[in-house]
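Side-chain atoms are counted along with the backbone in the values below, which use heavy atoms only and exclude waters and symmetry mates.
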Amino acid sequence: MARKLSRIAYVSLVWPIVILLLGFWLPILIWVIQAATVGDALTLYGGPAFTNLLGNTVWIAGLTTAFSIVLAYPISLLWWSSGEKQSTVITSLVFLPLLVGLLARNYSWIGMLSSDSPFTSLGFSLIGAESYLYTMYSVILVMTYIFVPIAFFVLANALSSVSNYEVDAAKTAGATTTEILLKLVLPHTYRQASIGAFLIFANAIGYFVTPRMLGGGKQDMIGNLIWMYTNLGDFTTASSISLTFLLWFSPFYIFSFVLIVTSRKRIIGR
């Protein structure tokens, strides 16, 4: 009976995973087959625009990922070391940006960065932020603002695994606060930080609305090139760019997956 129940539980867990995988890979497979068999065969895109925007995409997404993780660390550590009420307030403040729509958020930042009033610009006018509007700096700034909450929740989940017993044992052994932070607390977050970095980078490379709005058309990414051909009705070229884009970043996805699985095995043994 127990064995039968375990099989039922196994099947109930496997089917959602199978459906999820089919929902992701099946549309891509159909897209590639249709593009290759209907009309012109799907080919890789080799235009100079792709090469130029590829570097821009990696640079913006990479810096956004790094800044998001770095800025989320002190917030998550403050959350972890605070009391219940304080941690609830911190969580609420970090969660609020996620409730604001993408366009409203972008327009708000454009308004703040273009304002010459210290009040309406939240102090950005004091450092001449208007000169940074429609540059790579403003794109990275706003994209980092978007992804910091995600990085925070990933790190907060990792910090929640640090038990009070471990901290008390370290204090009993004579460890200082700095030693507890560096040798006990932070190592608990390394695996989740790498997962968070992967999720942020994988999402950031596909952005096109924020780069266009905050970059003023001067800091476009690969997504903007795809969107341009889609608007022109040239779906063949748009598909070609999309496939080339996917193939370019496939090694990154594979490397990240291997890194995550390896670190999981090292920590929990499976």
Q: Compute whether any side-chain donor of one residue and acceptor of the other, for Tyr73 and Thr189, lie under 3.5 angstrom apart.
A: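 Yes - a donor-acceptor pair under 3.5 Å links their side chains.
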| query | Can you tell me if Ser121 and Ser115 form a side-chain donor-acceptor pair at under 3.5 Å? | reply |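 No donor-acceptor contact under 3.5 Å links the two side chains.
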Any side-chain heavy-atom pair of [X] and [Y] under 4.5 Å:
X      : Y      : value
Ile226 : Phe208 : no
Pro211 : Gln219 : no
Thr144 : Leu71  : yes
Leu93  : Val89  : yes

Please report the closest heavy-atom contact between [X] and [Y], naming both atoms and the distance.
X      : Y      : value
Ala156 : Trp79  : O-CZ3, 3.5 Å
Met136 : Trp59  : SD-CD1, 3.0 Å
Ile110 : Met213 : CD1-O, 3.8 Å
Val94  : Ile75  : CG2-CG2, 3.8 Å
Trp80  : Val185 : CH2-CG2, 3.6 Å
Lys171 : Ile180 : CG-CD1, 3.6 Å

- Okay, side chain of Asp116, backbone of Ser125: is any donor-acceptor separation there less than 3.5 Å?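 No, Asp116 side chain to Ser125 backbone: no donor-acceptor pair under 3.5 Å.
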Going only through I, L, V, M, F, W and Y residues with side-chain contacts under 4.5 Å, is there a path from [X] to [Y]?
X      : Y      : answer
Leu77  : Phe152 : yes
Leu133 : Leu126 : no
Val154 : Leu98  : no
Ile241 : Phe235 : no
Val70  : Tyr145 : no

Would you say the ring centroid of [X] lies under 6.0 angstrom from that of [Y]?
X      : Y      : answer
Phe252 : Phe198 : yes
Tyr207 : Phe147 : yes
Phe124 : Trp109 : yes

Enter the distance from [X]:[atom1] to [Y]:[atom2] here, rounded to the nearest 0.5 Å.
X      : Y      : atom1 : atom2 : answer
Ile150 : Leu155 : CD1   : CG    : 12.0 Å
Met143 : Ile60  : CE    : CD1   : 7.0 Å
Glu166 : His188 : CD    : NE2   : 4.0 Å
Ser76  : Asn157 : OG    : CG    : 11.0 Å
Asn231 : Asn224 : CG    : CG    : 10.5 Å
Ser194 : Leu199 : OG    : CG    : 9.5 Å

Using the side chain to side chain contact (heavy atoms under 4.5 Å, CB included) definition, which of the options Ile69, Leu63, Thr65, Thr64 pairs with Phe67?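 The option that passes is Leu63.
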> What residue among Leu53, Leu225, Ile222 forms side chain to side chain contact (heavy atoms under 4.5 Å, CB included) with Phe245?
Replying inline: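 Exactly one candidate clears the test, Ile222.
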Is there a side-chain contact (heavy atoms from CB on, under 4.5 Å) between Phe95 and Phe153? Walk through the geometry before answering. CA-CA 9 Å; Phe95 182 74; Phe153 286 114; 4.0 Å; yes
In terms of heavy-atom contacts, does OH of Tyr107 have more than 12 from other residues, nucleotides or ligands at under 6.0 Å?
->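 Atom OH in Tyr107 is not packed in, count stays at 12 or less.
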(request) Give a yes or no on this: more than 12 heavy atoms of other residues, nucleotides or ligands lie within 6.0 Å of atom OH of Tyr137. (result)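 Atom OH in Tyr137 is not crowded, with 12 or fewer foreign heavy atoms closer than 6.0 Å.
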| said: For Val58 and Phe249: C-alpha separation, side-chain torsions, deciding distance, then whether side-chain contact (heavy atoms from CB on, under 4.5 Å) applies. | reply: CA-CA 10 Å; Val58 173; Phe249 286 98; 3.8 Å; yes
Quiz prompt | Criterion side-chain contact (heavy atoms from CB on, under 4.5 Å) on Thr135 and Leu214, from CA distance to verdict | solution = CA-CA 7 Å; Thr135 65; Leu214 273 298; over 6 Å; no
(request) Please assess Phe50 against Thr244 for the test side-chain contact (heavy atoms from CB on, under 4.5 Å), listing each intermediate value before the final yes or no. (result) CA-CA 9 Å; Phe50 182 89; Thr244 307; 3.7 Å; yes
